[in-house]
Amino acid sequence: MTTMTTSGADTRSGGASISVHDMWKVYGSQASRYLEAVRAGEDTDRLECTSAVQGVSFDVEPGETFVVMGLSGSGKSTLVRCLTRLVEPTDGVVDIDGVDVRAMTRRQLSDTRRKDWAMVFQHFGLLPHRRVLQNVAYGLEVGGVGRRERESKAREVIELVGLRGVENKYPHELSGGMKQRVGLARALAVDPRLLLLDEPFSALDPLIRTDLQDQLLRLAKIVKQTSVFITHDLAEALKVGDRIAIMRDGQFVQVGTPEDIVLRPKDDYVRRFALDAPRAKVVTARTAATRATVVGATETIDEARAQLVAEGSTSVVVHGSTPFVISGERLRHVDTGRSLQDLRDGQFAVVSPDAKLWDVMSQMTSTGNAVIVRDDDGVIVGTVDATAVVMGLGVPTADENAA
Amino acid sequence: MTHETVPARTPTAETADGTADARGAIGSRPEMRTTSRRTSPWRPKSWHLLPLVVLVALLSAVLVGQTAFPDALRIQVGSWFSRQYNEFVVSGRWLYEPIATQLTTLFDTLLNSLTLIAAPVVVALVISAVILLRGFKLGLLALAAFAWILLTDLWQPTLETIAFMIVAVALSAAAGLMLGLLGSVNSKSDAAVRALVDVMQAFPSFAYMVPVIVLLGIGNTAALVVTIIWAAPPLARMTSVGLRSVSPDTVEAAVATGASRRRVLFGVKLPMASHSIQAGFNQTIMYAIAMATMAAMIGASGLGVPVWGGLGRLAFGDALEGGIALVFVAILLDRISAVHPAGSDRSGFRPSRSKRRLVVRAATAAALTVGTVAATVALRGPWQDFDDPPWDKVISLRGPIESLIEWLNTTWGEQFDAFQAFVQELGLNPLGTLFTSVPWYVVVAGVALTCAVLVGRLAAVVAGVGVLLIGVLGMWTSAAETLAVITTAIGLVLVVAFPLGVLMSMSDRVEACFKPILDVMQTLPVYLFVIPAVIFLGTGEVAGTIATFIAASPPMMRYTNAALRNVDPEVVEASVMAGASPWQVLTQVRIPLGLPTLMVGLNQAVLLAMAMAVVTAFIGSPGLGQDILYSLQRFDLARGIEGGLAMLLVAVIIDRVFQGAARMLSTVTHTSEERIEAEA
Amino acid sequence: MSRFVVSRAAQRGARGRSVTALVAGVSVTLLAACAQTDTGGSASAAGSDVAEALQKEGEVVFMSSDGQLENGLQANLMAKVIEELGGEAGLQPITDYTVMATAMSKADNMAVFDFWRWQAPDIWDKFVEKDKTIVELGTTDYKGEEGWYVPTYVIEGDPERDIEPTCPGLPDWKALNDCADVFATAKTAPKGQYMEGAESWAPFYGDQERIDNLKLNYEMVFAGSEPALFAELKSAYQRGEPWLGLMWRPNYMTQIMDLTRVEFPPYSDECWGTTYACQWPETVIYQLASSGFEEKYPTAWKILQNYEMPDERLKELMSYVVDDGMDFPDAAQKWMDENPEVWQAWGDV
């Protein structure tokens, strides 16, 4: 990564990859001495320094949305600024698209910022003296794109974020939500490979926030950039993040998928957050599903019973074009002479293993029955019934509490 | 000079007064939102009227011959006032004489008691107090100050200045607090107090020196009165603002628990406004010391005397010695009384450590005091009296300064002449011609229109009448001359001070470098560099313009620095993230967003320039200052009052126009205001 | 009435008496030996009667201008003399005649040793002639010479400084018009520049009338104030440039510089006050006092009457300041140390 290519412009399509290793940001005049002391394990009290980011390492895949979640003062805003050297890191390696960011010259840096990176700010960071159109076109203007071209591009993006009709307004004439759409549009106007979002929605009303989160998710599918998303709201992190890093006192406490965070919190700190998390929207059917015995529709009840007992499961899924579930209880008590098909009772929904419990539950309520989890290859993963939902939602068990 | 607390964001921030300059004309008022309606942003249409106005003015200047204000419209306001006043001098004796007597006695008693304390003990006490209140760094500064004062043999005048300051500050503070309390009662009283305070500050102090002397004679008593009039307003403003900005919820809560009005005021409102009041107090001190030195002109004793005396003998070195002593005293007073910005207090970082620090400070202070007292008692002898010190004057700047000035004058004489000609021909002459050749009615209409566009209809009428009044007072030509000097000086400020301010904002190192220089520039008595300027630039408008420029530069630099630094950091980051170069960030973000604060800075610079008019009259700069100086030298009450009123009018009109412009510019940045509200 | 004057006398007195003050603790307990107000015992020559009388009369105050050498020096000298003789004397710093006159008219214990009547005829008219709140104490033994001055090198040149004479026809005023271009400045060209002090002085000197009536090709420019006028002259003198302006002697500038007065047609009473096309009158310099002075401070009054300051003596005093760089009190002290018989004789009343 020491050899410099011209800021990865050759790979325009898709998102950037990020690799951060042992990054530090120490404030104070004696920052380097502080760092030495920390590394040597010495006492740092006498040095009047504060460290906002303490030896953070992580990697982000191209196209991934990486969320850094932490409370205020945890260093998350500093972290995201260190990535693009809005704040100079004190130490460590920041590698974006194979280029050592810390070794970039001013010129390379501003070139890269113009072409490849963009950022959305908590309080929008709009230029109050420019109209919406000029705000959105600002990045292109700075990049030296001609007026006609940049304005047509800006209009395009304005349409994309649903701001059509306000091109000629000033920022102060817009609502908060609209302002942040402008902020988003400005960031997207340059087709960035890396999009940094610093608490983009936390200054907004809850309803508008949800709206914009949904829009961001939709856009991510179209634009496919890599995103680093900063938030203090776990629900938001769980919603938009492919992976989440929980940050505390300048360090990552845990990095993992939303389910990892919710179901397998690394310590009490994370667990306390996870408790309040909207699990229904995080936990997947795959996780919640209980194993079921899968039988063909042509098999006999006795065969099914035998298999059920052998596998020790609690229910049987009868495979076929319209699969259905028979509980173990019922199977045991029915006449053996009947065919399995006769035992179908009501409607049964089928969901993919990635479906969130939220969706599973809605299926469950409409059918009144357990839901079958089946993957794309047609393999039955299991079933989700009311008990499974309760378990999946993590009403904490005695074990967990003890841990 | 709590210059560190330059207003945070927009000029409408209520606590903006921290910035005021010790000798600012109207000073900076916390907030002038008398009509706090929201103007529609930018008003692009009305802007187009301005060039039109200018065009009409120039056209009519060419077409119509008469430009001067007609004598027929003149009203002898001054002589009427003069007659009334002279009657009062006779009939009002019962009123002012007892007050004067009390003041005199108070000052004399205090000074005598100070002289009775052994001098080393006075020094030890002061240094101990400084250490105790503000720590060792400032204690060291106090030590340096006393060292300077003793080495230059200025003990007696310093003692006089200290006594003068104690009385002046105590009385100004009392007056300011009372006015502030009065102003906080309701919006009507607020408006009344604010108007009074505006006049107190915008009316040139030199112009009210004459009436005060007529009543009280010269000396410290008159100087005290003049100083109180000058120094009370900042505290009055800040008290009123502080009290009114106490959250109504808090007051309601107190009332709900059954607190009486008095309890609410003393138990809730005053403590909660204390930060603001302390800032006002600091300003009052700085105003008082500026005036205390100026008041040497009317017989006040103290450090102003060696300064004036040195200048009178053309012994600039002597004057500078006194000036430096003044700077020491002023900076000490400022730092001691400065408000520490909340949150940035380092000692709050580690509370245990700060406690330990306090103990160390107290111990040192006690040891110092006791040690000095003991030494004084033990040694007795001549060491107790610094007034007639047992050593000869150690430091003398007279020789070096003399040689420096002579060297500069003889070596660079031609360059100075060329510079003088440059300013004269490119600035003063064309502007002078412009201001005197535009017909008076066009000026009246133009000012009114400008105010209509920037401020509002009522303000337009007031401003128009104001301009008319200047003519009616017979000050038309003088005002035009003053304006020519001020405009040229402000032009220089924009060309020189503004870029320096930009430079300050871009580098912490440059900022750290400039700040002490600005501190010194603003604490040195202005006249200290006015008279030497004559050596290089001769008397007349050019020297006056340059002196005005020098005096008006510091606020412009400070405000520029503050304006550009305090821009919403996210907008700057957004721009940087977009890949903007430093130049682009400056021109596309910082300057446009800082414009409201920049306007406040410009306004301050203009008002300070106005305040310089009388000082520069001492070196032959023409205009309203000459009228006031004349009145001071000839006791011509009439001319002084007319000149003073004209200055007041000019200052108020300029002030309102600038504030209107600033307010209009600030509406576009109210995204950030909204955000502040949201966060609160 | 003396309450109107906050003089520095109290402190000066304290200084002279070398008060011993002790302070115990931070509570600022004063153990000042105030009673120890001995007068140093050097006033023996004048006898204790005078000292007693002066003590009884109380403090007198002399108006002292730091900017005006002759004025400040005399005030300092007499304050010291009175104190040495056993009395109390203070100094009131002044910067301006009008201010000074108002103060004197309100008090009864003030005196000034150097009042230039022509600089302030309106003050004279109001306070001395009309209100009679200020009275004439006497006139000085030296005479004032006001007028238009040029550096002598303008006339004679200065080989040492390599300056050519630029207007050798001076000091005769008739040469002025030929030299107009010499004295012209950017502001006044092609006319010559004549520099006046402040606008407020001009009416009493009749300079505009003088220029008009002698048909001088000159323009009057105001320096703005006395220090500014001095600074203008000093700047020109340092550079060796021609300069023409108002100046007077005795004074600080004429003491340190070689200046020559322009010779106008001789003074006459008809000319002064009308055409002003003539030289200044020989200036009688007045000593003034508050009107109650003689009655309430008879001893001090008599001492002031005895006081003499002939031209040479003043020059000697001034040279201490100008040549030796002393301040006023030191210069006064030095002279007193060297001439005890002179000033002690003043106290013989």
Side-chain angles (χ1 to χ4, degrees), chain A residues 45-46 48 50 77 80-81 83-87 106-130 134-135 137-144 170-176 179 183 186-187 189-190 192 194-196 198-199 202-205, chain B residues 9-10 38-44 344-350 352-354 508-509 512 567-596 598 664-680:
Chain A
D45 267 10
R46 71 209 154 73
E48 293 200 346
T50 44
S77 281
V80 75
R81 280 165 174 75
L83 295 181
T84 55
R85 285 173 60 190
L86 274 180
V87 170
R106 290 212 158 273
R107 187 147 208 131
Q108 287 167 326
L109 196 59
S110 62
D111 263 5
T112 315
R113 283 173 180 162
R114 285 173 190 180
K115 291 184 192 133
D116 293 344
W117 303 339
M119 188 156 170
V120 180
F121 296 87
Q122 180 176 7
H123 303 294
F124 330 125
L126 301 180
L127 297 167
H129 58 293
R130 288 169 167 243
Q134 294 151 349
N135 258 297
Y138 184 68
L140 297 164
E141 182 189 332
V142 167
Y170 283 100
H172 71 265
E173 296 172 288
L174 305 179
S175 68
K179 279 182 202 165
R186 176 176 64 188
V190 293
L194 171 60
L195 181 62
L196 306 172
D198 181 19
E199 304 219 25
S202 35
L204 305 177
D205 293 339
Chain B
R9 237 158 257 277
T10 59
R38 192 152 267 189
T39 38
S40 71
W42 291 107
R43 293 206 190 175
S344 74
D345 194 6
R346 266 227 180 126
S347 57
F349 204 64
R350 290 194 187 85
S352 63
R353 191 183 255 195
S354 92
D508 288 344
R509 201 166 292 170
V567 163
D568 185 348
E570 275 197 350
V571 184
V572 175
E573 282 185 334
S575 173
V576 172
M577 267 311 289
S581 64
W583 176 250
Q584 282 171 320
V585 172
L586 181 69
T587 54
Q588 294 174 346
V589 179
R590 288 192 188 270
I591 289 178
L593 265 66
L595 217 49
L598 285 174
M664 186 177 282
L665 292 171
S666 71
T667 54
V668 297
T669 54
H670 82 199
T671 27
S672 51
E673 278 170 36
E674 217 170 60
R675 168 185 153 196
I676 294 162
E677 280 162 30
E679 275 174 0

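Remember, it's a predicted structure, so these values are computed and weren't measured experimentally. In the text below, chain A, chain B and the rest are named by the order of the sequence lines, each starting its count at 1.
- Listed here is the closest heavy atom pair of B/S581 and A/R114: N-NH2, 4.2 Å.
- A heavy-atom distance below 4.5 Å is found between the side chains of B/V589 and A/Y138.
- Legend: residues meeting side-chain hydrogen bond (donor to acceptor under 3.5 Å, both in side chains) with B/T587, ordered by chain and number and at least two apart, are absent.
- Scanning all heavy atoms of the two residues, the minimum distance from B/V571 to A/L126 falls at CG2-O, 3.5 Å.
- The side-chain hydrogen bond (donor to acceptor under 3.5 Å, both in side chains) test applied to A/N135 returns no partner, not counting sequence neighbours.
- With a threshold of 4.5 angstrom between heavy atoms, A/R186 approaches chain B through side-chain atoms but not through N, CA, C or O.
- The backbone N or O of B/Q588 lies less than 3.5 Å from a partner atom in the side chain of A/H129, making a donor-acceptor pair.
- Here the closest non-hydrogen pair linking B/A578 and A/V142 is O-CG1, 3.5 Å.
- With respect to B/V576, the side chain to side chain contact (heavy atoms under 4.5 Å, CB included) criterion is satisfied by exactly one of A/R113, A/R85, A/R81: A/R113.
- A donor-acceptor pair is defined here as one N or O able to donate and one able to accept, closer than 3.5 Å; such a pair exists between the side chain of B/E570 and the backbone of A/H123.
- Only the side chain of A/L196 comes within contact range of chain B, with heavy atoms under 4.5 Å apart.
- Proximity to chain B (any heavy atom under 4.5 Å) is shown, for A/R106, by neither the backbone nor the side chain.
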